[in-house]
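Remember, predicted model here, so these are calculated numbers, not experimental data. We name chains A, B, ... by the order of the sequence lines, and we start the count at 1 in each one.
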Amino acid sequence: MLDLRQIRNNPEEVQNRLNLRTANTGVYDLAPILKLDQAQLELESTRTSLQSRSNEIGKLIGQKMQQGATPQSPEITELKTEGNQIKAELSELEPQEREIKAQIEDLLLQLPNLPSTSTPIGKSETDNREIRTWGEEYKNTNPKILPHWEIGEKLGILEFAKAVKISQSRFVNLIGIGAALERALINFMLDSQIAAGYLEVMPPILVNSKSLTGTGQLPKFAEESFKCAEDDLWLTPTAEVPLTNLYRDEILSENQLPILHCAYTPCFRREAGSYGKDTRGLIRLHQFNKVELVKIVHPDTSEVEHQKMVKDASAILEALKLPYRVIELCTGDLGFSAAKCYDLEVWLPSMGKYREISSCSNCTDFQARRANIRFKQAGKKGTQYVHTLNGSGLAVGRTMSAILENYQQPDGRIKVPEVLQPYLKKDEIQPNCP
RNA sequence: GGAGAGAUGGCAGAGUGGUCGAUUGCGUCCGACUUGAAAUCGGAUGAAGUGCAAGCUUCCGGGAGUUCGAAUCUCCCUCUCUCCGCCA
């Protein structure tokens with residue numbers, strides 16, 4: 001959520017920065033908010049002075065009664081009459097003001113974060129900026145390489161058809177060594193991030209509406225998540241939701257910061273509107289595994305912590321010797337809650353291109369404001385909003401697909417990345433191997 | 001699912017109609033003592049809105065009501081805990 005006072009005090013600047021997110025202006029319009037805000041302030045000042053007099057009357061009556069006045073005495077009845085008049089006026093004003101406040105809140109919840117001033121300006125993903133590439137020498141150059149879903153089915157470790165029978169398209173069964181490889185990846189990723197200083201959490205995977213609102217998935221992107229019909233619970237689309245909301249409505253002390261968490265969870269996405277895309281393989285499933293990183297930090301440190309988080313995520317790719325590149329998203333491609341975002345993209349030989357495998361966002365105070373996560377500085381009055389960051393470390397299924405392709409040998413065997421061998425207790429995967 | 005109890009400031013926990021944003025303890029901060037620290041002692045310390053400020057207003061799970069006046073009384077809802085049942 002954006003700061004209403006910032007909108008009020010610098011409407012043009014906020015509007016301009018919002019416009020950087022879209023090719024056409026007018027998508028985000030502050031005018032209705034400004035208008036409602038003004039009306040609310042006027043109502044508030046009237047209401048406040050009425051309430052002030054009402055409080056005064058209450059105190060006066062209390063005093064007079066203690067001094068011996070009876071409830072029937074003229075001075076008391078006069079005050080009571082005035083009190084009742086004020087009450088009548090307030091009963092008109094209060095609902096109006098509440099309604100306006102609710103409208104403002106609704107509108108604010110629809111607005112995305114302001115892009116950071118350091119985010120490159122651009123309209124779409126084609127304007128994203130490549131920061132660096134890594135691991136050119138590890139790219140698989142075999143011209144007859146099979147896409148991961150084909151080699152996976154051939155090896156008997158990925159199975160798609162029966163997943164459709166069990167649930168729907170966009171689900172997969174991992175079989176035998178395939179399941180073991182997924183587990184190995186999860187464990188390796190978690191162990192690495194724990195060593196990097198993140199505290200592991202295994203959170204609830206069903207989360208309530210407040211949590212999804214706190215991190216920005218609601219109200220705007222309700223159609224992206226699976227909802228449980230009978231309860232106010234949703235299947236979490238990313239562990240960012242439970243991890244960040246661990247601290248919702250809390251006032252932390254400065255010395256608790258930074259807080260670093262990692263978590264493995266399955267993630268669930270409806271993928272509404274992406275029916276034609278990535279229909280085969282592990283790239284775009286309704287359910288996928290992910291190891292997530294979340295940081296709750298002091299605002300002064302969020303940029304540094306963001307850079308570190310990108311390092312922590314890319315360390316996994318480097319340990320696995322998977323070629324990747326880092327791109328910085330432009331203003332037009334930025335996610336709803338992010339002010340600045342780096343994507344890690346892994347090389348997928350079958351597609352001949354890099355595909356997103358991690359997205360590391362600095363959400364500045366945007367989620368903190370929605371989720372009401374603040375901290376107190378010792379000896380300082382008041383509270384400040386923390387900054388929140390999140391990043392994948394990494395998407396497990398996409399990592400698996402990158403391994404099945406980049407480590408694919410001409411005879412169809414898959415070499416197991418060295419760092420995974422202790423986890424998998426194998427150095428290669430071949431057809432029907434146990 | 002049945003029965004009961006509860007929800008108060010960073011935490012614990014008092015407060016059953018009037019000056020209560022709320023006793024107290026812990027925590028935190030400042031100071032004294034000390035070579036330093038601990039202990040001890042003294043003082044300060046909730047959040048939010050608005051305003052240049054003084055101030056004013058709101059907030060005791062959420063909503064509605066009674067009243068001149070509600071943390072306190074009434075009703076509804078949500079959540080938590082305990083016991084029973086059921087299941088893992």
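On the C1' atoms, G9(B) is 9 Å away from C60(B), given to the nearest whole Å. Across C77(B) and G6(B), the matching C1' atoms stand 16 Å from one another, rounded to whole Å. Comparing the same atom, C1', in A54(B) and in A7(B) gives a spacing of 37 Å after rounding to whole Å. Spacing of P atoms, U19(B) relative to C11(B), comes out at 25 Å, to the nearest Å. Nucleotides A64(B) and U72(B) are separated by 14 Å at their P atoms, to the nearest Å. Atom name P, nucleotides G42(B) and U80(B): the rounded distance is 43 Å, in whole Å. Nucleotides U24(B) and G43(B) have their P atoms positioned 11 Å apart, rounded to a whole Å. The separation of A53(B) from C30(B), taken at their P atoms, amounts to 26 Å, rounded to a whole angstrom.
Using a 4.0 Å heavy-atom cutoff across all strands shown, Leu41(A) reaches sugar-phosphate atoms only and no base atom. When heavy atoms are screened at a 4.0 angstrom cut-off, Ser45(A) is found touching no nucleic acid atom at all. Across all strands shown, Lys87(A) has heavy atoms under 4.0 Å from base atoms, whether or not it also approaches the sugar-phosphate. Residue Arg5(A) is in sugar-phosphate contact alone, with no base atom involved, counting any heavy-atom pair closer than 4.0 Å across all strands shown.
Mapping Gln384(A) and Glu56(A) onto RNA chain B via the closest heavy atom, the residue that lands nearer the 5' end is Gln384(A). The residue among Gly58(A) and Gly83(A) whose nearest nucleotide of RNA chain B is located toward the 5' end is Gly58(A).
The CZ atom of Arg98(A) sits 16 Å away from the C1' atom of G49(B) (whole-angstrom rounding). Nucleotide U57(B) holds its C1' atom 14 Å from the CG atom of Leu93(A), rounded to whole Å. Atom CG in Leu252(A) sits about 14 Å away from atom P in A47(B), given to the nearest Å. The separation between Gln51(A) atom CD and C68(B) atom P is 17 Å, rounded to whole Å. Remark: C1' of U58(B) and CG of Leu50(A) are 15 Å apart, rounded to the nearest angstrom. In this structure, CD1 of Ile86(A) is placed 14 Å from C1' of C56(B), rounded to the nearest angstrom. Remark: P of C79(B) and CG of Leu206(A) are 14 Å apart, rounded to the nearest angstrom. Atom pair Leu60(A):CG and C68(B):P shows a separation of 15 Å (rounding to whole Å applied).
For the pair Asp365(A) and Arg369(A), the salt-bridge criterion is met [side-chain N within less than 4.0 Å of a carboxylate O]. Under a 4.0 Å N-O distance rule, the pair Arg53(A)/Glu82(A) qualifies as a salt bridge. Salt-bridge annotation for Glu105(A) and Lys101(A): absent, with no side-chain N of the basic residue lying under 4.0 Å from a carboxylate O of the acidic one. For the pair Glu271(A) and Arg284(A), the salt-bridge criterion is met [side-chain N within less than 4.0 Å of a carboxylate O]. Contact check on Lys210(A) versus Asp249(A) returns no salt bridge, with no Lys/Arg side-chain nitrogen under 4.0 Å from an Asp/Glu carboxylate oxygen.
Pairing for U82(B) goes to A3(B), judged as Watson-Crick or G-U wobble with the two contacts each under 3.5 Å. For U40(B), the paired base is A32(B) (Watson-Crick or G-U wobble, both distances below 3.5 Å). Base pairing annotation: C59(B) forms a Watson-Crick or G-U wobble pair with G46(B), both donor-acceptor distances under 3.5 Å. Under the Watson-Crick or G-U wobble criterion, with both distances below 3.5 Å, C87(B) is left unpaired in every strand shown. In this structure, G25(B) forms a base pair with C11(B), meeting either the Watson-Crick or the G-U wobble geometry with both donor-acceptor distances under 3.5 Å. Pairing for U74(B) goes to A64(B), judged as Watson-Crick or G-U wobble with the two contacts each under 3.5 Å.
Set against C68(B), U19(B), U57(B), the side chain of Lys59(A) has U19(B) as its closest nucleotide. Distances were taken from every side-chain heavy atom of Asn55(A) (C-beta onward) to each of U58(B), C68(B), U50(B); the shortest belongs to U58(B). When distances run from any side-chain atom of Ser52(A) to the nucleotides C68(B), U50(B), C56(B), the shortest one goes to C56(B). For Thr383(A), the side-chain atoms get nearest to A47(B) when compared with the rest of C68(B), A47(B), U50(B). Among the nucleotides U58(B), G18(B), A47(B), the one closest to any side-chain atom of Ile251(A) is A47(B).
No side-chain heavy atom of Trp234(A) sits less than 4.5 Å from a side-chain heavy atom of Gln217(A). Looking only at side-chain heavy atoms (C-beta outward), Phe375(A) and Pro299(A) come within less than 4.5 Å of each other.
Remark: Thr48(A) is not in phosphate contact with U50(B), judged by side-chain N or O atoms under 4.0 Å from OP1 or OP2. The shortest distance between the side-chain N/O atoms of Arg53(A) and the OP1/OP2 oxygens of C56(B) is not below 4.0 Å. Proximity of Lys376(A) to the phosphate of G46(B): no side-chain N or O atom is located under 4.0 Å from OP1 or OP2. Residue Arg374(A) places at least one side-chain N or O under 4.0 Å from the OP1 or OP2 atom of A48(B).
A donor-acceptor pair is defined here as one N or O able to donate and one able to accept, closer than 3.5 Å; no such pair exists between the side chain of Thr364(A) and the backbone of Ala339(A).
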